[in-house]
Amino acid sequence: MWERERVSENNAETLQYRFDGPEDAPVLILGPSLGTTWHMWDRQIPELVQQWRVFRYDLPGHGGAPAHPAVSVGDLADRLLATLDGLGVERFGYAGCALGGAVGVQLALRHPERVASLALIAASPRFGTPDEFRQRGVVVRTNGLDPIARTSPDRWFTAGFAAAQPAITEWAVQMVRTTDPGCYIAACEALAAFDVRSELGLIGVPTLVLAGSDDQVTGPAEARTLVAGIPDARLAVVPGASHLVPVEQPAAVTDLLVRHFSTAWQPAPDAGRTVVPGIPVRAVLSAPPQPVPVAEIAPAPLVEPPQAAGRPDPYDTGLKVRREVLGDAHVDRALSQADDFSGDFQEFATRYAWGEIWDRPGLDRRSRSCVTLGALVAGGHLEELAVHTRAALRNGLTPDEIKEVLLQTAVYCGVPAAGSAFRVAQRIIREETTPQE
């Protein structure tokens, strides 16, 4: 009645995938979380294939998939659609966990005609802060994936489940360890840039938002934000579950998915716009909460940037680049401390240093970090050297490469200057690359 198929594509534009279920059934896609493989859905398959042809995919570099890093969540969505196009799959239901959920949001926003129904599990319109994910990339680049793998069960499962299921816990650790580090770092960067808080109202498909009650990564609070922003959304909170809800509470998740996709499957655009009513509320379901703010209001700039005649104002670009290189926390602190005396300087630095120079295409950010480190050593600017050592790690320089830059300064800037620089950089590198237990 149903078949299994696994294809590993070497094409960077497509994804490694697997089909389960009857060929003539409607397609239901299951998307994985960062660091996992399609096997995280194994315990949902026997029930789901009774009604659907289930399509599972691996993220790049995960589960033995070709290591072609994806630069954004949109890139992952495009690769998934390219894979489906090659298979002749036009319309589908989609359920995704965490990063897989972000892909589902992207599909619903950019290609609503393809998505019949949506389930977002352990998802969020913005996953933490960009700094958190870029910091994780620094740790992986320096130490490999082992520290992340060892701490994954703490993020993914409740303590009771991890203690009672040592085999599943070890499976989770090994799943992360076997992931390609470059693809993992790229996925972290994709999550760092993902923010759809202002676009949730544009999602027009019936949506189930599902969270584990004990999830400390993307728990009920993030789920309620999604439900408040998506017009046709229902919330389900699964008791006794953490981040990988489908693994920890497989029966509850399977039941919720079956009920949702059985009753909330939006017809194709040319078949009318009537939407089947959402799933009925029961004990684990809560009614949509009262609307809450979905987006944070950023503080207004101290001085309204003037518009230069004949060319775009580089201030907004500069602020974006400055945040990406130095981190939100540092930039927020610098801007919040600005006053009438220093505000003009902060605006000047944002507009010209970051919007003009750092955004020029002639050098990549790694190269600009090398130049900046050398210049700061030469000038004896040790406080700024600490800031830009952190920035260099975020821009992809390894500790060994930073060491080579500082050794170079010993020749051209003098041994005392380089010695002071080494002490500063050593402290920052230890802080930034020590895994958080």
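Predicted, not measured: the structure shown is a model, and the values here were computed from it.
No more than 12 heavy atoms of other residues, nucleotides or ligands shown are found within 6.0 angstrom of CD on Q216. More than 12 heavy-atom neighbours from other residues, nucleotides or ligands sit within 6.0 angstrom of CG on D364.
Every side-chain contact (heavy atoms from CB on, under 4.5 Å) that A186 has, sequence neighbours left out, goes to P69.
In summary, D328 and R126 engage in a salt bridge, as defined by a charged side-chain N under 4.0 Å from a carboxylate O. A salt bridge links R390 to E431: one of the charged nitrogens lies within less than 4.0 Å of a carboxylate oxygen. Under the 4.0 Å criterion applied to side-chain N and carboxylate O atoms, E401 and R366 are assigned as salt-bridge partners. Contact check on R323 versus D131 returns no salt bridge, with no Lys/Arg side-chain nitrogen under 4.0 Å from an Asp/Glu carboxylate oxygen.
Not a single donor-acceptor pair under 3.5 Å links the side chain of T142 to the backbone N or O of V139. Using a distance-only test at 3.5 Å, with no hydrogens or angles considered, a donor-acceptor pair links the side chain of T169 to the main chain of A162. A donor-acceptor pair is defined here as one N or O able to donate and one able to accept, closer than 3.5 Å; no such pair exists between the side chain of H68 and the backbone of P66. Judged purely by atom type and a 3.5 angstrom limit, D75 uses its side chain to pair as donor or acceptor with the backbone of V71.
In plain terms, the two heavy atoms of L84 and I29 that are nearest each other are CD1-CD1, 3.5 Å. Shortest non-hydrogen contact noted between Y315 and R351 is CB-NH2, 3.7 Å. Between G35 and T179, the shortest heavy-atom contact is O-OG1, 4.1 Å. Taking all atoms of both residues into account, the shortest heavy-atom contact from F133 to A192 is CB-CB, 3.9 Å. The two residues A223 and L235 come nearest to each other via the heavy atoms CB-CD1, 3.6 Å. Counting all heavy atoms, side chain and backbone alike, Q16 lies closest to A65 at OE1-CA, 3.4 Å.
A parallel orientation is assigned to the rings of H388 and W354, their planes being inclined by less than 30° (bins at 30° and 60°).
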**Request:** Begin with the C-alpha distance, continue with both residues' side-chain angles, and end with the deciding distance and a verdict on ring-ring contact (aromatic ring centres under 6.0 Å, His included) for Y17 and F55.
**Result:** CA-CA 7 Å; Y17 68 89; F55 176 101; 5.4 Å; yes

**Request:** Evaluate side-chain contact (heavy atoms from CB on, under 4.5 Å) for L59 paired with Y184, printing each intermediate quantity in order.
**Result:** CA-CA 9 Å; L59 299 167; Y184 189 96; over 6 Å; no

**Request:** Under the side-chain contact (heavy atoms from CB on, under 4.5 Å) rule, what do L382 and S420 come out as? Steps first, then yes or no, please.
**Result:** CA-CA 8 Å; L382 297 183; S420 298; 3.8 Å; yes

**Prompt:** Between R360 and I357, is a side-chain contact (heavy atoms from CB on, under 4.5 Å) present by the stated rule, with each step listed?
**Reply:** CA-CA 5 Å; R360 288 177 64 85; I357 301 304; 4.2 Å; yes

**Request:** Evaluate the criterion side-chain hydrogen bond (donor to acceptor under 3.5 Å, both in side chains) for residue pair T151 and R155; output intermediate values, then yes/no.
**Result:** CA-CA 7 Å; T151 58; R155 295 188 299 274; 2.9 Å; yes

**Message:** Run E324 and R365 through salt bridge (Lys or Arg N to Asp or Glu O under 4.0 Å) and show every step you take.
**Reply:** CA-CA 10 Å; E324 290 173 352; R365 290 185 184 175; 2.8 Å; yes

**Audit row: F127, L34, side-chain contact (heavy atoms from CB on, under 4.5 Å) steps and yes/no** = CA-CA 12 Å; F127 290 81; L34 173 62; over 6 Å; no

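Contact check for T36 versus C97: no side-chain heavy atoms found under the 4.5 Å cut-off. Residues F194 and V103 fail the side-chain proximity criterion, which asks for heavy atoms closer than 4.5 Å. When side chains are defined from C-beta on, W41 does not count as touching V247, because their heavy atoms never get closer than 4.5 Å. Proximity of L202 to V196: side-chain heavy atoms (C-beta onward) are nowhere separated by under 4.5 Å. Contact of the H39 side chain with the M175 side chain is not registered, since no non-hydrogen atoms from C-beta on lie closer than 4.5 Å.
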Please table the atom pairs, donor to acceptor, closer than 3.5 Å between any side-chain atom in residues 107-121 and protein atoms at least two apart or in another chain.
from	atom 1	to	atom 2	distance (Å)
R110	NH1	E199	OE1	3.0
R110	NH2	E199	OE1	3.2
R114	NE	E90	O	2.5
R114	NH1	D85	OD1	3.3
R114	NH2	D85	OD1	2.8
R114	NH2	V89	O	2.9
S117	OG	P206	O	3.4
S117	OG	H260	NE2	2.9
S117	OG	A264	O	2.5

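Relative to the six-membered ring of F19, R53 meets both conditions, a distance below 6.0 Å and an angle of at most 45° to the axis.
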